[in-house]
Protein chains: 2
Amino acid sequence: MAEDLRDSDTLLFLTDAQLRRAIEAMFFAYRGFTADPDRILSERGYGRAHHRAIHFIQRAPGSTVTNLLAILGVTKQSLNRVLRTLIEDGLVESRVGPHDRRERHLYLTDAGAELEAELSTAQRARMRAAFREAGPEAVAGFRQVLEHMMDPELRRLFAAAREGDR
Amino acid sequence: MAEDLRDSDTLLFLTDAQLRRAIEAMFFAYRGFTADPDRILSERGYGRAHHRAIHFIQRAPGSTVTNLLAILGVTKQSLNRVLRTLIEDGLVESRVGPHDRRERHLYLTDAGAELEAELSTAQRARMRAAFREAGPEAVAGFRQVLEHMMDPELRRLFAAAREGDR
DNA sequence: CTTGGAATGTCAACAAGGCTGACGTAGTTT
DNA sequence: AAACTACGTCAGCCTTGTTGACATTCCAAG
């Protein structure tokens, strides 16, 4: 009881200044997080939007456009512009749905998988390094806070996907 | 010794799939992180770029343009476009440097401070809620990982600023 | 079998916010 | 006096987001 009080009131008492620092940390960290992929992408004339599409197609091969739209939270016009270039460049393949022929199912080609691997490897390396330097206890905390910072519906989707991976 | 080994090799062994999930968590969390300010800003016809400028002027009142440029990592043309609208709208004041009259020192006006408070309050509320739900141990870990995800020079600057706040 | 609606794609136009390059002006330093 | 620095600005370009309108294709319900 006294323990609980200490936990919530003392250990978790955070001043506005501390919260502001955490906000800045999030900003700077996200910059680091995207820096390596951004470099690789710009060499090929792509941007982050391409990375996001490629990432989630790798994550869920055969995903429909509508599905991707919901995950990415952009308009179909915006996504379509990106997908078109990726398809033209032979990185993504769009197959007509086997059951519902209106749907387009998206897959990475070998070239697409290659770029995805390059991007992912760079980003995972940065993430792994940060985890290693921060230590094992920090990693669990990091992930918990991140999940709770998401919008509730997204957190549900994310948690479901996490479970589904097992 | 055996403890150390277990920590680094067992507890910190992360599969690529786990790292990929952490990457996605970072992406979704950042969206949540910016969602509330984005709403407030769009009501006023501003964007994230304005938020960043306002935030760091609040953080370091009297900061010069060059200084802000270094922190934000954008070109002066890009920053200037944002600063101009903020100055025109009476949210930011630009004073000629007292020692070096080439410099412009930036300050929030009362109206600027008001918007900053609104943005910061919303963002801190989300951060505080995430921290509360994740628990006290998670918070320290979260911050450690974030710091190690930054680019090294930025981490130095950030750490220095953190110390300077005390 | 027709028709409504869903899924997809496309055209056009626009805005924010990045970028480069060039240039001007004021002020400081050498 | 010359060189450098800080800042602002004009012009033009790109990516990536937006809205709105419209065509096509196809499933499914009436």
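So you know, we letter chains A, B, ... as the sequences are listed, proteins then strands, and number each from 1.
- With rounding to whole Å, B:Asn80 atom CG is found 15 Å from D:dA11 atom C1'.
- Side chain of B:Ser78, nearest nucleotide from D:dT16, D:dG8, C:dC19: C:dC19.
- Taking the six-membered ring for Trp and thresholds of 30 and 60 degrees, B:Phe28 and A:Phe56 have ring planes inclined between 30 and 60 degrees apart.
- For the pair A:Glu43 CD and C:dC19 P, the computed distance is 18 Å after rounding to whole Å.
- The nearest whole Å value for the distance from the CG atom in A:Leu72 to the C1' atom in D:dT18 is 16 Å.
- Contact check on A:Arg31 versus B:Asp151 returns no salt bridge, with no Lys/Arg side-chain nitrogen under 4.0 Å from an Asp/Glu carboxylate oxygen.
- Centroid-to-centroid, the aromatic rings of B:Phe131 and B:Phe142 come within less than 6.0 Å.
- Using a 4.0 Å cut-off, some side-chain N or O of A:Thr75 falls inside it from OP1 or OP2 of D:dT18.
- Of the residues in residues 93-106 of chain B, those placing a heavy atom less than 4.0 Å from an atom of DNA chain C are B:His99, B:Asp100, B:Arg101, B:Arg102, in numerical order.
- For C:dG21, its base sits under 3.5 Å from the side chain of B:Gln77 at one donor and acceptor pair at least.
- A salt bridge is defined here as a Lys NZ or Arg NE, NH1 or NH2 lying under 4.0 Å from an Asp or Glu carboxylate O, and A:Arg124 with B:Asp16 meets this definition.
- B:Lys76 places its NZ atom 10 Å from the C1' atom of D:dT5, with the value rounded to the nearest Å.
- A salt bridge links A:Arg44 and A:Glu118; the closest N-O separation between the charged side-chain nitrogens and carboxylate oxygens is under 4.0 Å.
- At a threshold of 4.0 Å, the pair B:Arg20-A:Glu116 counts as salt-bridged, since one of the basic side-chain nitrogens sits closer than that to a carboxylate oxygen.
- The residue among A:Val74 and B:Val65 whose nearest nucleotide of DNA chain D is located toward the 5' end is B:Val65.
- Classified by interplanar angle (parallel below 30°, tilted 30° to 60°, perpendicular above 60°), the ring pair A:Tyr30/A:Phe33 is tilted.
- Atom CG in A:Leu79 sits about 12 Å away from atom P in C:dT10, given to the nearest Å.
- In terms of modelled atom types and a separation under 3.5 Å, the side chain of A:Ser42 and the main chain of A:Arg39 share a donor-acceptor contact.
- Atom CG of A:Asp38 is separated from atom P of D:dT15 by 14 Å (rounded to the nearest Å).
- The separation between A:Arg81 atom CZ and D:dT19 atom P is 13 Å, rounded to whole Å.
- We find that B:Glu93 and B:Arg95 are joined by a salt bridge, their nearest charged nitrogen and carboxylate oxygen being less than 4.0 Å apart.
- Near DNA chain C, defined here as any heavy-atom distance below 4.0 Å, the residues from residues 44-57 of chain B are B:Gly47, B:Arg48, B:Ala49, B:His50, B:Arg52, listed numerically.
- As a whole-Å value, the separation of A:Leu83 CG from C:dA7 P is 17 Å.
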